[in-house]
Number of protein chains: 2
Amino acid sequence: MESNMKIGELAKRTGFSTKAIRYYELLRLLPEPDRTESGYRMYSQKDVERLEFIEKAKRLGFSLDDIRDILILNEQQEQPCVHVLALLDQKLKQVDDVLRDLKAFRKELARLRKESAEQLERLPADAAICGIVERGVHARGEAALAWLEFRQPGKRGRD
Amino acid sequence: MESNMKIGELAKRTGFSTKAIRYYELLRLLPEPDRTESGYRMYSQKDVERLEFIEKAKRLGFSLDDIRDILILNEQQEQPCVHVLALLDQKLKQVDDVLRDLKAFRKELARLRKESAEQLERLPADAAICGIVERGVHARGEAALAWLEFRQPGKRGRD
DNA sequence: CTTGACCTTCTATTCGACTGGAAGGTGTAA
DNA sequence: TTACACCTTCCAGTCGAATAGAAGGTCAAG
């Protein structure tokens, strides 16, 4: 695989910035590239593919650290399978949690929006002051604090 | 509403750290609390509720800035209606976008996991080396680089 | 009156994933 | 030769959401 492009070309082909590419090298997501006599980094198609992989993995929500581990495991042909599988499971769980919350959230938001819009409509056209807040929210007692009824197990830090 | 707890108590009741509580005050998510003669912050049930609201809103993906705006608009009873309605619409749209992406992502993750697990199973029990990577991935051509077929509209920075 | 828990303010640091800019070398075309 | 794009290294800064720690004040129990 011959190294035939400079960093700018690699950047153009992959959509990453040259800064990001150098940064990935620093983090060992990319191997140290060949250099020209004058010190320019030279890259090959392999690097394009590696960056494309990185992009996909990023989009799947893996951190650069995760990605580096996967890539390095893969390189070394140690057994990344189990590791990767566990990582995937973990990600799936995270995604499911977020999805669950987000759906409940959406529902709540939609309800709120609907109520607000209705309250806004019921106002005389010349009303200069806000109906949602003046009526809507006050009518509900504890202002915005009552907006979101949203149960959940919670974890958070101590002092 | 009498202010009858110090910051540590408020922290205990809400699960936020005292540091975080002071930080929220700085960002004006919390009003300036009453103080004892000696300068200790004193809080009331209202603050507990406000922090609970903040927690919910945080979990709903609002930034602290968003949350501050909502809280302050609500407090001032200036005419936040239209503004709030717009905010709500904007959030709804964001949430829908995220939901859409996240569902696609989940599907992709699940597929990947399933394939990986199957490949892992098909290996001889004594195989010391990784099936996903060695076969799965190698069979698919370009190592891990082919793992994730995941189309997507992309945006990213230039150099 | 001292210990210890709790509080105050202040400034600094963390994390992840970069980006920005300075100062200077390289390579090519006019 | 000069302009210009592109490359190099190195150091600093950004963002959001806090956390860490230093130096010191307060308050109740023993």
Side-chain angles (χ1 to χ4, degrees), chain A residues 3-30 32-43 47 50-51 53-71 87 91 94 154-159, chain B residues 3-30 32-43 47 50-51 53-71 94 154-159:
Chain A
S3 299
N4 51 7
M5 58 187 129
K6 287 181 283 180
I7 199 170
E9 175 65 16
L10 181 61
K12 212 158 284 167
R13 290 203 199 171
T14 59
F16 286 96
S17 69
T18 60
K19 293 270 193 195
I21 292 170
R22 289 192 201 96
Y23 178 61
Y24 289 172
E25 179 184 333
L26 183 70
L27 299 191
R28 295 180 305 123
L29 276 98
L30 293 176
E32 295 207 352
D34 294 342
R35 300 277 188 153
T36 63
E37 303 233 316
S38 48
Y40 287 14
R41 288 168 175 82
M42 294 302 289
Y43 295 96
D47 298 297
R50 197 157 171 131
L51 280 170
F53 172 77
I54 291 173
E55 204 211 324
K56 286 169 191 164
K58 255 161 57 71
R59 288 242 295 276
L60 288 173
F62 288 105
S63 70
L64 296 186
D65 276 7
D66 283 345
I67 299 173
R68 188 199 43 224
D69 290 351
I70 294 172
L71 285 168
L87 256 175
K91 273 299 155 204
Q94 283 172 18
K155 62 328 97 184
R156 223 153 330 71
R158 306 276 58 251
D159 197 9
Chain B
S3 299
N4 51 7
M5 58 188 129
K6 287 180 282 180
I7 198 169
E9 175 64 16
L10 181 61
K12 212 159 283 168
R13 289 202 199 170
T14 59
F16 286 96
S17 69
T18 60
K19 294 268 192 195
I21 292 171
R22 291 192 201 95
Y23 178 60
Y24 288 172
E25 179 184 332
L26 182 70
L27 299 190
R28 295 181 303 126
L29 276 100
L30 292 176
E32 295 207 354
D34 293 343
R35 300 277 187 152
T36 63
E37 302 233 317
S38 48
Y40 287 14
R41 288 168 176 81
M42 294 301 290
Y43 296 96
D47 298 296
R50 197 157 170 131
L51 280 170
F53 172 77
I54 290 172
E55 204 211 325
K56 285 169 192 162
K58 254 162 57 71
R59 298 176 28 94
L60 292 175
F62 287 104
S63 69
L64 297 186
D65 277 7
D66 282 345
I67 300 172
R68 189 200 43 226
D69 289 350
I70 293 173
L71 286 168
Q94 281 173 20
K155 62 324 101 184
R156 223 156 326 72
R158 305 278 55 252
D159 195 7

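Here is the naming used below: chain letters follow the sequence lines, and residue numbers restart at 1 for every chain.
Checking D:dC27, D:dT8, C:dT19 against the side-chain heavy atoms of A:Arg22 singles out D:dT8 as nearest. Distances from the side chain of B:Ala20 to the nucleotides D:dA18, D:dT9, C:dG27 place D:dA18 closest.
If you measure from atom CZ of A:Phe16 to atom P of C:dC18, you get 7 Å, rounded to the nearest angstrom. At whole-Å resolution of the value, NZ in B:Lys12 and P in C:dC7 are 8 Å apart. Rounded to an integer number of Å, the gap from CG of B:Leu29 to P of D:dA17 is 9 Å. Rounding to whole angstrom units, CD1 of residue B:Ile54 and P of D:dA17 are separated by 12 Å. In this entry the distance linking CG of A:Leu51 with P of C:dC18 reads 11 Å, nearest Å. Straight-line distance from the CD1 atom of B:Ile21 to the C1' atom of C:dC6: 14 Å, rounded to whole Å. B:Leu30 has its CG atom 12 Å from the P atom of D:dA18, to the nearest Å. One atom, CD of B:Glu9, and another, C1' of D:dC27, lie 17 Å apart when rounded to the nearest Å.
Contact between the side-chain N/O atoms of B:Lys6 and the OP1/OP2 oxygens of D:dA28 is not found at any separation under 4.0 Å. The side chain of B:Ser38 contributes an N or O atom lying less than 4.0 Å from OP1 or OP2 of D:dC27. Between B:Arg35 and D:dG25 there is no side-chain polar atom (N or O) within less than 4.0 angstrom of OP1 or OP2. For B:Arg41, no side-chain nitrogen or oxygen approaches OP1 or OP2 of C:dC7 to under 4.0 Å. Residue B:Thr36 places no side-chain N or O under 4.0 Å from the OP1 or OP2 atom of D:dT26.
The CG atom of A:Leu71 sits 11.5 Å away from the OH atom of A:Tyr24 when rounded to the nearest 0.5 Å. For the atom pair A:Met42 CE and A:Lys6 NZ, the distance stands at 7.0 Å (nearest 0.5 Å). Here the CG-CZ distance, from B:Asp65 to B:Arg28, works out to 9.5 Å after rounding to the nearest 0.5 Å. Distance CD1/A:Ile67 to NZ/A:Lys56: 12.5 Å, rounded to 0.5 Å. Of the inter-residue distances, the one linking B:Glu32 atom CD with B:Leu26 atom CG reads 10.0 Å to the nearest 0.5 angstrom.
Remark on the helix from C:dC1-D:dG30 to C:dA30-D:dT1: inter-end axis angle 30°, axes from five-pair C1' superpositions, rounded to 10°.
Ion pairing of B:Asp47 with B:Arg50 is absent here, as no side-chain N (NZ or NE/NH1/NH2) approaches a carboxylate O to less than 4.0 Å.
Each of B:Lys12, B:Arg22, B:Glu25 was compared with B:Ile7 under the side-chain contact (heavy atoms from CB on, under 4.5 Å) criterion, and only B:Arg22 meets it. For the side-chain contact (heavy atoms from CB on, under 4.5 Å) with A:Ile54, the lone residue among A:Ile70, A:Leu29, A:Ile21 that qualifies is A:Leu29.
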**Message:** For a side chain to side chain contact (heavy atoms under 4.5 Å, CB included) check, start with the C-alpha distance between A:Glu55 and A:Phe16, then their side-chain angles and the critical distance, and finish with the verdict.
**Reply:** CA-CA 9 Å; A:Glu55 204 211 324; A:Phe16 286 96; 3.9 Å; yes
Quick one: which protein N/O atoms are closer than 3.5 Å to N/O atoms of nucleotides 11-16 of chain C? Pair and distance per line, please.
none

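Residue side chain B:Lys19 reaches the base of D:dG21 through a donor-acceptor N/O pair under 3.5 Å, judged by distance alone. Residue-to-nucleotide contacts include no donor-acceptor pair under 3.5 Å from the side chain of A:Tyr40 to the base of C:dG27.
Ranked by how close their nearest DNA chain C nucleotide is to the 5' end, A:Leu27 and A:Glu37 are led by A:Leu27.
In this structure, A:Asp34 has no salt bridge (Lys or Arg N to Asp or Glu O under 4.0 Å) partners at least two apart in sequence or on a different chain.
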